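Structure, as structure tokens:
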Amino acid sequence: MIPFLCDGMYNRVQIFCMAIQRLLTLLFMASLIHFFSSCNTASAPGKKNHDSLSVWPVPTAISPEETARIKTACERWYDTVLKQKKFNGSILVAKNGHIIFEQYNGTGHLPGTDPITQNTALHIASVSKTFTAMAVLKLWQDRKLQLDDEFGKYFPAFTYPGVTIRSLLNHRSGLPNYTYFLENLGWDKSRYANNEDVLQYLVTRKAELADVLTPNTHFTYSNTNYVLLALLIEKVSGSTYAEYLNKTFFTPLQMKNSYVFTMSDSATAVPSYNWRGSPEPLNFLDQVYGDKNIYTTVRDLLTWDRALSGNLLFTKETLEQAYAAYSNEKPGIRNYGLGWRIYIYPNGKKIIYHNGWWHGSNASFIRLLNDSAVIIVIGNKFTRSVYDAKKLASIFENYDNPAEEEETEFLKTTEITQNSDTLKPASNKRKITGFPKKNN
């Protein structure tokens with residue numbers, strides 16, 4: 001047909017065909033480049049997606065008989081302990097990466113019609129310290145800081161010799177607790193305090209502070225340590241504390257229901273309630289973070305456990321630092337690592353855990369490393385029975401869990417009667433009062 005076309009028509013057809021040929025060649029070359037690029041990316045050692053970690057440890061098989069035994073024991077404990085205390089929250093027990101028992105009870109608001117589900121983020125209080133500690137250890141692992149650097153190296157106005165990053169992490173800094181000294185030194189409780197305010201009081205009111213102890217002599221649990229560590233994370237990373245946790249942990253691990261609380265969340269965050277079910281309002285300490293203020297779910301904490309256990313983010317050396325025992329002045333199995341409470345048994349086994357308590361919210365995050373098991377309980381209506389979850393460890397091994405004083409953060413100004421959740425004012429502590437009217 002082409003010989004019968006006029007010369008102009010023939011030339012246009014020829015040009016069109018050549019253009020199609022060039023386009024097909026370019027598409028073919030582009031597909032080859034994409035293919036080899038994908039192969040190189042997949043095979044590059046240590047190459048990870050910055051938005052999501054896709055390589056997860058494969059859950060180890062667990063027999064149906066073992067699954068049934070663990071589930072039955074968990075159900076019995078839940079029905080006879082937590083449920084009897086009108087527990088309002090969530091519980092999850094897993095082994096080898098498999099969820100064996102999971103229960104959600106109550107509503108986010110009391111009374112309410114918003115049922116607590118697997119996506120309901122609750123305040124985990126001092127369990128937040130595990131994230132703060134591991135964020136600092138990630139910076140150490142990335143060679144951005146040294147654990148035995150003095151804090152004053154990064155904040156020169158902070159003149160407390162011997163207070164190192166490590167001593168902040170393991171509560172051996174000797175610094176007093178800001179939850180007491182801010183009020184004792186006359187903080188205006190109509191204003192919210194923040195992390196910088198805590199640091200400034202340590203710097204400018206040093207001579208007025210009571211109970212400043214010699215660093216690295218013994219363990220003294222102090223929330224101040226983790227407030228300063230949050231500032232350190234911001235200083236070294238160049239990001240806010242929330243941004244660093246989001247890009248380093250929450251986003252890569254797909255912890256979609258986890259966040260650091262700010263006052264912009266106050267209208268949507270699930271509130272907390274005392275044991276009677278009365279609301280616990282925010283007070284002037286509620287903008288301080290690092291020691292608390294992470295909201296999350298039991299499923300996201302299971303993800304956090306799997307990431308730690310599966311070496312997705314941390315080297316073996318980093319985890320050994322985190323789980324080492326740093327306070328050995330007293331005999332016994334209780335100890336503290338870097339952001340983790342520890343039970344160390346004579347046979348070498350460990351329970352790595354942390355508890356939390358702030359306002360009416362309390363939580364327990366218990367990791368049985370030798371048994372590849374985790375026990376997680378979070379509630380937003382206070383009950384001390386949450387801490388009894390450690391007894392579930394005996395389902396997996398014959399662990400002896402001694403009684404201990406749990407973290408009480410804000411509520412260290414109260415006492416709990418021996419056999420109930422009843423709170424009463426402590427005789428030797430000042431009750432924190434006053435609720436802010438505006439942001440600071």
Side-chain angles (χ1 to χ4, degrees), residues 125-133 135-136 147 149-187 189 191-236 241 260-261 283-294 326-327 336-341 354-359 405-413 429-430 432 440:
S126 272
V127 178
S128 303
K129 290 182 173 73
T130 70
F131 289 95
T132 304
V136 172
L147 294 180
D149 286 344
E150 292 205 358
F151 187 76
K153 173 182 176 179
Y154 303 89
F155 297 88
F158 180 88
T159 55
Y160 291 76
V163 175
T164 63
I165 296 172
R166 192 188 303 272
S167 71
L168 294 171
L169 286 165
N170 60 26
H171 292 292
R172 297 175 65 83
S173 70
L175 296 175
N177 202 326
Y178 80 93
T179 57
Y180 304 142
F181 72 65
L182 283 183
E183 184 180 19
N184 293 339
L185 294 180
W187 179 265
K189 291 180 290 184
R191 299 187 299 121
Y192 285 105
N194 60 35
N195 290 46
E196 286 286 349
D197 293 320
V198 174
L199 175 60
Q200 285 306 307
Y201 262 56
L202 289 168
V203 170
T204 62
R205 310 286 294 273
K206 181 178 179 181
E208 302 171 67
L209 290 174
D211 303 324
V212 178
L213 306 175
T214 303
N216 298 303
T217 55
H218 62 278
F219 173 86
T220 304
Y221 189 90
S222 174
N223 291 298
T224 304
N225 297 323
Y226 279 73
V227 174
L228 297 183
L229 289 170
L231 290 175
L232 177 70
I233 291 166
E234 295 179 331
K235 182 88 168 186
V236 174
Y241 174 79
V260 178
F261 174 86
N283 73 8
F284 67 96
L285 301 174
D286 276 292
Q287 275 198 24
V288 183
Y289 52 85
D291 60 326
K292 60 182 185 306
N293 268 352
I294 289 179
Y326 292 91
S327 296
Y336 202 93
L338 302 183
W340 299 92
R341 287 189 179 273
H354 217 294
N355 295 323
W357 186 356
W358 186 252
H359 297 322
E405 180 184 356
E406 305 295 347
E407 293 88 357
T408 54
E409 289 110 352
F410 171 66
L411 291 177
K412 270 193 176 179
T413 55
K429 296 288 184 182
R430 294 175 59 191
I432 298 176
N440 181 28

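Just so it is clear, the structure is predicted and the values come from calculations on it, not from any experiment.
- Remark: the backbone N or O of His354 is not paired with any side-chain donor or acceptor of Lys129 at under 3.5 angstrom.
- Under the 3.5 Å distance criterion, with hydrogens and angles disregarded, no donor-acceptor pair is assigned to the side chains of Asn293 and Trp358.
- If you look at Tyr226 and His171, their ring centroids are closer than 6.0 Å.
- Looking only at side-chain heavy atoms (C-beta outward), Leu168 and Leu232 stay at 4.5 Å or farther from each other.
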Leu229 and Ile165: CA distance, side-chain angles, deciding distance, side-chain contact (heavy atoms from CB on, under 4.5 Å) verdict:
CA-CA 8 Å; Leu229 289 170; Ile165 296 172; 4.2 Å; yes
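- Rounded to the nearest 0.5 angstrom, Asn177 CG and Thr224 OG1 are separated by 5.0 Å.
- In this pair, Phe219 and Tyr336 present their aromatic rings tilted. The plane angle is within the 30 to 60° band.
- When every heavy atom of Pro215 is checked against every heavy atom of Gly162, the shortest pair comes out as CB-O, 3.6 Å.
- For the pair Ala125 and Gly356, the tightest heavy-atom approach, listed with the atom from each and the gap, is CB-C, 3.6 Å.
- Residues Leu202 and Leu209 form a side-chain contact, since some pair of their non-hydrogen atoms from C-beta on lies under 4.5 Å apart.
- Side chain of Asn216 to main chain of Ser167: no donor-acceptor pair is present (N/O by atom type, distance under 3.5 Å, no hydrogens or angles).
- Closest of all the heavy-atom pairs between Gln287 and Asn195 is O-OD1, 4.0 Å.
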Leu228/Leu199 under side-chain contact (heavy atoms from CB on, under 4.5 Å): CA gap, chis, key distance, verdict:
CA-CA 7 Å; Leu228 297 183; Leu199 175 60; 4.0 Å; yes
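- Side-chain N/O atoms of Tyr180 and Asp211 include no donor and acceptor closer than 3.5 Å.
- The shortest distance between side-chain heavy atoms of Glu208 and Asn184 does not fall below 4.5 Å.
- You'll find the side chain of Leu231 reaches within 4.5 Å of the side chain of Glu196, heavy atoms only.
- Nearest heavy atom pair, residue Trp187 against residue Phe284, reads CD1-CD1, 3.5 Å.
- One distance of note links NZ of Lys189 with CG of Asn283; it measures 9.0 Å at 0.5 Å rounding.
- A heavy-atom distance below 4.5 Å is found between the side chains of Ile233 and Val136.
- Side chain to side chain, Tyr241 and Thr132 meet the donor-acceptor criterion of an N or O pair below 3.5 Å.
- The side-chain heavy atoms of Val212 and Pro176, taken from C-beta on, include a pair separated by under 4.5 Å.
- No option in Tyr160, Phe155, Tyr154 other than Tyr160 meets the ring-ring contact (aromatic ring centres under 6.0 Å, His included) test with Phe158.
- Ring pair Tyr178/Phe181 is perpendicular by interplanar angle, where above 60° counts as perpendicular and below 30° as parallel.
- Of the possible polar contacts, none joining the Glu150 side chain to the Val163 backbone as a donor-acceptor pair under 3.5 Å is found.
- His359 is listed as a side-chain neighbour of Asp286, based on a closest heavy-atom distance under 4.5 Å.
- The backbone N or O of Gly174 lies less than 3.5 Å from no partner atom in the side chain of Thr220, so there is not a single donor-acceptor pair.
- Within 6.0 Å of CG in Asp149 there are more than 12 heavy atoms belonging to other residues, nucleotides or ligands.
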